[in-house]
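One structure is given here, and the rest of the page talks about it.
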2 protein chains.
Amino acid sequence: MIRSEPQYPISRIAEIFKVLGDQNRLHILSLISNQELCVCEITSIIGMSQSNASQHLAKLRSAGLVKERRSAQWIYYSLNQEALPLIKEVLKMLPDVSHELERLKTQPDRPKCDT
Amino acid sequence: MIRSEPQYPISRIAEIFKVLGDQNRLHILSLISNQELCVCEITSIIGMSQSNASQHLAKLRSAGLVKERRSAQWIYYSLNQEALPLIKEVLKMLPDVSHELERLKTQPDRPKCDT
DNA sequence: ACAGTATATTAAAATATACTAATATAAACT
DNA sequence: AGTTTATATTAGTATATTTTAATATACTGT
């Protein structure tokens, strides 16, 4: 039997899918699939508490799916290149959320992180 | 933005990944990826209780990942064709388990379902 | 009909997860 | 230095999941 893709222990794959098995985390991945976003933008779009978003991001990060970059007081999250092939496959299945990113720019209580 | 693959609501994708986010269920999927197996074979290979296996199989089934076929007193599980494209991608990431299927044939307390 | 085998279902316990509220840390601005 | 803003962490609670043990159902063979 020939397998072309990298193998991982079942424990690692289960860990990844467990992290992916949550609507909010899938939503976050969709949002940052095209552009990095800071936590306040993510919470603003999804409408979840800052603490909750932070904890979901921590799970995505510890599973190696996203990475963070600090700039001033903001921390920007983006997809981790190492997991990109997998994430791309997942994102293909998910509905487009670009309209949510558009709306972010025009909403009145828009976060100030990218002004 | 062009997307070639079928889209599903986030809730559905999360449901699928939640089901995939468990070592035992991934193991079961690997085992039945090449051939259908009955519950007693699965429990024998994985070394889990009959009840536990049955409940994991129920989750895989209700998520549409596997299907069942009854033959005499045995119920054989196999991959559900409808979810096959997704499952194939998942299986590519998992280690090969064919040696476990080989061992099943020679072990002393081998189940009698395929004699 | 009855006993045996295979599987499913139910109940209960243990563990894990998601969420909120509160607190801590870190940087920026005055 | 003190205040504000952004984020992380911690603690507590509610809910969900996994597992085991016990029971029920379905089929086979006698």
Side-chain angles (χ1 to χ4, degrees), chain A residues 10-11 14-29 31-32 36-63 65-78 104 109-115, chain B residues 10-11 14-29 31-32 36-63 65-78 104 109-115:
Chain A
I10 286 188
S11 56
E15 179 203 8
I16 291 174
F17 285 133
K18 190 169 287 187
V19 168
L20 291 174
D22 178 273
Q23 290 197 41
N24 284 325
R25 287 191 289 267
L26 288 176
H27 198 165
I28 291 172
L29 284 180
L31 290 172
I32 65 176
E36 61 177 13
L37 292 175
C38 67
V39 181
C40 63
E41 289 171 318
I42 292 168
T43 60
S44 169
I45 293 173
I46 299 189
M48 71 193 333
S49 74
Q50 176 270 318
S51 170
N52 199 12
S54 183
Q55 286 174 83
H56 280 302
L57 286 164
K59 291 208 168 189
L60 287 166
R61 184 160 23 88
S62 82
L65 301 182
V66 306
K67 64 176 193 290
E68 61 180 32
R69 174 182 73 84
R70 167 153 239 151
S71 173
Q73 66 266 65
W74 297 285
I75 296 178
Y76 292 89
Y77 281 88
S78 57
L104 180 68
D109 58 338
R110 164 194 186 193
K112 300 150 199 88
C113 41
D114 61 350
T115 55
Chain B
I10 285 186
S11 55
E15 179 203 7
I16 290 173
F17 284 133
K18 188 170 289 187
V19 168
L20 292 174
D22 178 273
Q23 290 196 44
N24 284 326
R25 287 191 290 266
L26 288 176
H27 198 166
I28 291 172
L29 284 181
L31 290 171
I32 64 176
E36 61 177 15
L37 292 175
C38 67
V39 181
C40 63
E41 289 170 319
I42 293 168
T43 60
S44 170
I45 294 173
I46 298 188
M48 70 193 332
S49 73
Q50 176 269 319
S51 170
N52 200 9
S54 183
Q55 287 175 86
H56 281 302
L57 286 164
K59 290 206 171 193
L60 288 167
R61 185 160 21 88
S62 80
L65 301 181
V66 307
K67 63 177 194 289
E68 61 178 35
R69 174 181 74 84
R70 169 152 238 152
S71 173
Q73 66 266 64
W74 297 284
I75 295 178
Y76 292 88
Y77 282 87
S78 56
L104 179 68
D109 58 339
R110 165 192 186 195
K112 300 149 199 92
C113 42
D114 62 348
T115 54

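- Annotation for B:Thr43 and B:Gln50: closest pair CG2-CA, 3.9 Å, computed over non-hydrogen atoms.
- Closest of all the heavy-atom pairs between B:Val66 and B:Leu57 is CG2-O, 4.2 Å.
- Between B:Ile42 atom CD1 and C:dT7 atom P the separation is 9 Å, expressed in whole Å.
- For B:Lys59, a side-chain nitrogen or oxygen approaches OP1 or OP2 of D:dT18 to under 4.0 Å.
- Between A:Leu104 and A:Ser44, some side-chain heavy-atom pair lies under the 4.5 Å cut-off.
- Counted by atom type alone, A:Ser51 and A:Gln55 present one or more donor-acceptor pairs between their side chains at under 3.5 Å.
- Rounded to a whole Å, the CD atom of A:Glu15 is 10 Å from the P atom of C:dT17.
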Sort me out a list of protein N/O and nucleotides 8-12 of chain D N/O pairs below 3.5 Å, or just none if empty.
{"unit_1": "D:dA8", "atom_1": "OP1", "unit_2": "A:Tyr77", "atom_2": "OH", "d": "2.5"}
{"unit_1": "D:dA8", "atom_1": "OP2", "unit_2": "A:Ser54", "atom_2": "OG", "d": "2.9"}
{"unit_1": "D:dA8", "atom_1": "N7", "unit_2": "A:Gln50", "atom_2": "NE2", "d": "2.7"}
{"unit_1": "D:dA8", "atom_1": "N6", "unit_2": "A:Gln50", "atom_2": "OE1", "d": "3.3"}
{"unit_1": "D:dT9", "atom_1": "O4", "unit_2": "A:Ser51", "atom_2": "OG", "d": "2.9"}

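- The CE atom of A:Met48 sits 8 Å away from the P atom of C:dT20 (whole-angstrom rounding).
- Here the side chain of A:Ser49 pairs a donor or acceptor atom with the backbone of A:Asn52 at under 3.5 angstrom.
- The stretch residues 21-29 of chain B touches DNA chain D through B:Asp22, B:Asn24, B:Arg25, each having a heavy atom within less than 4.0 Å of the strand.
- Counting heavy atoms from C-beta on, the side chains of B:Asn24 and A:Ile10 never come closer than 4.5 Å.
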Would you list the protein and nucleotides 27-30 of chain C atom pairs, both N or O, that sit under 3.5 Å from each other?
none

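- No donor-acceptor distance shorter than 3.5 angstrom exists from the side chain of B:Arg25 to the backbone of B:His56, with no hydrogens or angles considered.
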Next item on the list: In sequence, state the C-alpha distance, the side-chain angles, and the governing distance for A:Leu26 and B:Phe17, and then conclude on side chain to side chain contact (heavy atoms under 4.5 Å, CB included).
Entry: CA-CA 10 Å; A:Leu26 288 176; B:Phe17 284 133; 4.3 Å; yes
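- Distance CZ (B:Arg69) to P (C:dA6): 16 Å, rounded to an integer number of Å.
- Closest approach of B:Ala63 to B:Glu15, counting heavy atoms only: CA-OE2, 4.0 Å.
- Contact annotation: A:His56 reaches the phosphate of C:dC19 (side-chain N/O to OP1 or OP2, under 4.0 Å).
- The backbone N or O of B:Lys67 lies less than 3.5 Å from no partner atom in the side chain of B:Arg61, so there is not a single donor-acceptor pair.
- For the pair A:Glu36 and A:Arg69, the minimum side-chain heavy-atom distance is below 4.5 Å.
- In this model, the phosphate group of C:dT20 is approached by a side-chain N or O of A:Ser49 to a distance below 4.0 Å at OP1 or OP2.
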